[in-house]
Student: 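Take this structure, written in structure tokens, and hold onto it; I'll ask about it next.
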Amino acid sequence: MIIVMKAKATKREKDEVLKRIRELGYKPHVIRGTTRDVVGAVGDERGKFILQTIESMHGVESVVPILKPYKLASREVKRETSVIRISPEVTIGGKEIIVMAGPCAVESERQIIATARAVKDSGAQVFRGGAFKPRTSPYSFQGMKEEGLKILAKAREVTGLPIITEVVNPETAELVAEYADILQIGTRNSQNFELLKKVGQIRKPVLLKRGMSMTIQELLMSAEYILSEGNQAVILCERGIRTFETVTRNTLDLAAIPALKERTHLPVVVDPSHSTGHAQYVASMSFAAIAAGADGLLVEVHPDPEHAFSDGPQSLTPKKFSSMMGKLKAYAEVSGREL
Ligand code: PEP
Ligand code: MN
């Protein structure tokens, strides 16, 4: 249920409403709007109509049921797109298109510092790199783990770029959060509900990737797991879904962008690298994503793709990345955005 507060409701009236929601056995989530606050009361769907009695409290405008199965993620609860603060300089969901770029995996300090410098020079605002890698084969490179996190922290120190890196299990989530500015939940973990709950308890922005065979509604339900633990800083990522097509690694579902935008206030970014699997398709899919309304991109860039430990074929060289960024500006402008 959504409790819509009056624009002039006092702090005391709001506190009384929060207290009452808790007394009724539900969890209140305050969502601050531009003109008024609303309170999402979430919990057991059965018996939720008891919350209707809150309508008679002081400062309350109305109590309305949220019809969608995802509650806190829905536009019903918050009309304006959420602007998520990553660092003092970087926010996602506002007018500016945010480009997160870097290699699939952290391989060495030299590789990381060189790539971070290069992507920054081309205009990327966030640096990516996996220290914990969830690989299909147990014999593939599994990542540099904490040593990799330390290298990422060094790249932030050198370039000032905030860092996004993947969290693969609840046990290492806090360790990763000590170093990262954005916690990435990968495709293979997008319905790992214990991990989603864990990152929901950590106060760091989370980028949630769509599972390979996940519907849009399931993606929003996974986001709901994070939001319902009290972490409202969730960014959704379309990274391609599995279809019968084999020319591309996955099929980029571009329609998911407007479909998500219609249903949720959470920012949406696109990963053109994993969705195509081929460096030569990355630029065109990046342009298409921005034209379709994405708030940002997550792009793999490697200084020497041929020798990359993982995902070399889909990684752009710094030079190709720079050329793509130059062209991206025009698409951003046509879409009423900035880069
Ligand atoms: C990655 O970003 O390197 C990654 C493993 O992506 P995904 O989870 O989308 O496969
Ligand atoms: Mn990768």
Student: Which heavy atom of V176 sits nearest to which heavy atom of V167, and what is that distance?
Tutor: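 Scanning both residues, the minimum pair turns out to be CG1-CG2, 3.8 Å.
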
Student: Please determine whether side chain to side chain donor-acceptor pair (under 3.5 Å) holds for the pair H274 and D311, giving the CA-CA distance in whole Å, both sets of side-chain angles, and the decisive distance to 0.1 Å.
Tutor: CA-CA 8 Å; H274 293 86; D311 288 349; 2.9 Å; yes

Student: Give the intermediate values and the outcome of side chain to side chain donor-acceptor pair (under 3.5 Å) for residues Q314 and Y281.
Tutor: CA-CA 8 Å; Q314 69 193 31; Y281 307 144; over 6 Å; no

Student: For E61, which of K8, R36, K6 qualifies under side chain to side chain donor-acceptor pair (under 3.5 Å)?
Tutor: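 Only match with E61 under side chain to side chain donor-acceptor pair (under 3.5 Å): R36.
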
Student: Counting only heavy atoms not in Q52, do more than 12 sit closer than 6.0 Å to its CD atom?
Tutor: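 Counting other residues, nucleotides and ligands, CD of Q52 exceeds 12 neighbours.
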
Student: With salt bridge (Lys or Arg N to Asp or Glu O under 4.0 Å) as the test, would you mind laying out the steps for R210 and E238 before giving the verdict?
Tutor: CA-CA 6 Å; R210 181 179 184 181; E238 162 60 37; 2.8 Å; yes

Student: Indicate whether the side chain of R75 and that of T81 have a donor and an acceptor atom separated by less than 3.5 Å.
Tutor: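 Checked: R75/T81 side chains pair up, N/O donor to acceptor below 3.5 Å.
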
Student: Just wondering, more than 12 heavy atoms not from K329 lying within 6.0 Å of its NZ?
Tutor: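 Atom NZ in K329 is not packed in, count stays at 12 or less.
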
Student: Could you walk me through whether I112 and K154 satisfy the side chain to side chain contact (heavy atoms under 4.5 Å, CB included) test, starting with their C-alpha distance in whole Å, then the side-chain angles of each, then the deciding distance to 0.1 Å, before giving a yes or no?
Tutor: CA-CA 9 Å; I112 286 301; K154 198 166 260 178; over 6 Å; no

Student: Is a side-chain N or O of D295 found less than 3.5 angstrom from the main chain of V269, in a donor-acceptor match?
Tutor: no

Student: Does one side chain, of Q232 or H29, offer a donor that lies under 3.5 Å from an acceptor on the other?
Tutor: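 No, no side-chain donor-acceptor pair sits under 3.5 Å.
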
Student: Measure up the Y225 and F193 rings against each other and bin them: parallel (under 30°), tilted (30 to 60°), perpendicular (over 60°).
Tutor: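 Taking F193 first and then Y225, their aromatic rings lie parallel (interplane angle under 30°).
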
Student: Should L220 and L260 be marked as a side chain to side chain contact (heavy atoms under 4.5 Å, CB included) after you check the CA-CA gap, both sets of side-chain angles, and the distance that decides it?
Tutor: CA-CA 8 Å; L220 291 167; L260 282 166; 4.0 Å; yes

Student: Is it true that atom NE2 of H58 has more than 12 heavy atoms of other residues, nucleotides or ligands lying nearer than 6.0 Å?
Tutor: no

